[in-house]
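So the structure is just underneath, and the comments pick up after that.
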Amino acid sequence: EITGGGIGFVYNAANTRPTNIHINNAVVNASGKGGYAAIGGGKEVYTDGSDVNITITNSTVTAKVPSNSVAAIGGGTDDKNTYHIKIENSVVSATAGKYYGAAIGVSRTGTVGNIEIINSVVTAEAGNQAAGIGGGPKANVGNILIQNSGRINYCNRIMLNRKHSFGLFFLLLLSVQSGINNGFELI
């Protein structure tokens, strides 16, 4: 079991490339603060838009961030990287701060390439002006796949890129197949 501070990158690491994060067969309780994700990016991390993969498999994970403008799992404050997040065969609880940070994804201006949730139980709680799964108000969000997952709890919003015309159909398909609890809204 791993308990304590965040898992990820350091503040303003201009000369350090972000690394991928893989959590496998583990029990993790991680917390972030001050612009740092519990699992993922730090404040103002690297500016070239690197791809960062966060993979959680066969694990039980709790990730909490009390700070604003940061995701619990994903991007930190003003983080310029592109996050690809995959949760498979796991139980995950992610809670973001009061404003702008997604529980799983990125903060107000971040970029998510893909989020995949497969065969998992997920609780995703975000603050105001952010999606439980996706990003904050000005985030770029790619594809979100939720497949064969028993339950998505407390997810107040799932963010889909408004440019995709299939978004509403995709969301309705998710709600039928994945048993999303407590409602959601398309943003």
Side-chain angles (χ1 to χ4, degrees), residues 7 20-28 30 37-41 51-65 70-75 81-96 100-108 110-187:
I7 299 169
N20 296 320
I21 298 169
H22 302 286
I23 299 171
N24 188 25
N25 295 316
V27 175
V28 175
I39 299 170
D51 284 328
V52 178
N53 296 297
I54 298 174
T55 306
I56 300 171
T57 53
N58 304 312
S59 297
T60 300
V61 172
T62 301
K64 294 182 181 180
V65 178
V70 60
I73 300 172
N81 299 301
T82 299
Y83 286 86
H84 306 279
I85 301 167
K86 184 173 185 178
I87 299 169
E88 188 168 13
N89 300 320
S90 296
V91 176
V92 173
S93 176
T95 306
Y100 308 123
I104 300 170
V106 293
S107 67
R108 64 180 173 218
T111 301
V112 172
N114 298 297
I115 297 175
E116 296 179 55
I117 300 173
I118 302 168
N119 297 322
S120 296
V121 175
V122 172
T123 300
E125 295 183 69
N128 294 321
Q129 299 183 35
I133 300 171
K138 296 181 182 177
N140 296 309
V141 178
N143 299 312
I144 297 173
L145 170 68
I146 300 172
Q147 179 179 336
N148 297 326
S149 292
R151 187 166 295 191
I152 306 295
N153 295 312
Y154 308 114
C155 182
N156 52 339
R157 298 173 195 90
I158 297 176
M159 176 180 260
L160 298 174
N161 189 332
R162 293 178 189 197
K163 295 178 184 174
H164 296 296
S165 60
F166 64 86
L168 184 57
F169 171 75
F170 180 68
L171 191 58
L172 291 173
L173 183 63
L174 289 177
S175 66
V176 171
Q177 292 183 346
S178 297
I180 296 175
N181 278 354
N182 296 332
F184 54 87
E185 64 179 287
L186 177 63
I187 60 173

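All values below come from the heavy atoms of this structure, side chains included, with hydrogens, waters and symmetry mates left out. Because the structure is a prediction, the values reported are computed rather than measured.
In this structure, Ser59 contributes its side chain and Ser90 its backbone to no donor-acceptor pair below 3.5 Å. Between the side chain of Thr123 and the main chain of Ser93, no donor-acceptor pair closer than 3.5 Å is present. Distance alone, capped at 3.5 Å, places no donor-acceptor pair between the Thr57 side chain and the Glu88 backbone. Using modelled atom types, no side-chain atom of Ser107 and backbone atom of Val70 make a donor-acceptor pair closer than 3.5 Å. In this structure, the side chain of Asn20 engages the main chain of Asn53 through a donor-acceptor pair within 3.5 Å.
Lys86 places a side-chain heavy atom less than 4.5 Å from the side chain of Glu116. Put simply, the side chain of His84 reaches to within 4.5 Å of the side chain of Asp51, judged on heavy atoms. The shortest side-chain heavy-atom distance between Thr55 and Ile23 does not fall under the 4.5 Å cut-off. Inter-residue side-chain proximity for Val92 and Ile117 is flagged as unmet; no heavy-atom pair is nearer than 4.5 Å. Contact annotation: the side chain of Ile21 approaches that of Ile39 to within less than 4.5 Å [non-hydrogen atoms, C-beta and beyond].
Between Ser120 and Asn89, the shortest heavy-atom distance links the atoms OG-N, 3.1 Å. The nearest pair of heavy atoms linking Ala102 to Ala96 is O-CB, 3.5 Å. Nearest approach of Thr82 to Val112, heavy atoms of both residues: CG2-C, 4.3 Å. Closest heavy-atom contact between Gly105 and Ala71: O-CB, 3.5 Å. The two residues Ala126 and Ala103 make their nearest non-hydrogen contact at CB-N, 3.9 Å.
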(request) Determine, step by step, whether Ile115 and Ile133 satisfy the side chain to side chain contact (heavy atoms under 4.5 Å, CB included) criterion, reporting the C-alpha distance in whole Å, the side-chain angles of both residues, the deciding distance to 0.1 Å, and the verdict. (result) CA-CA 8 Å; Ile115 297 175; Ile133 300 171; 3.9 Å; yes
(message) Could you walk me through whether Asn24 and Asn58 satisfy the side chain to side chain contact (heavy atoms under 4.5 Å, CB included) test, starting with their C-alpha distance in whole Å, then the side-chain angles of each, then the deciding distance to 0.1 Å, before giving a yes or no?
(response) CA-CA 6 Å; Asn24 188 25; Asn58 304 312; 3.6 Å; yes
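The side chain to side chain contact (heavy atoms under 4.5 Å, CB included) test with Ile73 singles out one residue from Val106, Ile54, Val122, and that residue is Ile54.
The distance from the CD1 atom of Ile87 to the CD1 atom of Ile118 is 10.0 Å, given to the nearest 0.5 Å.
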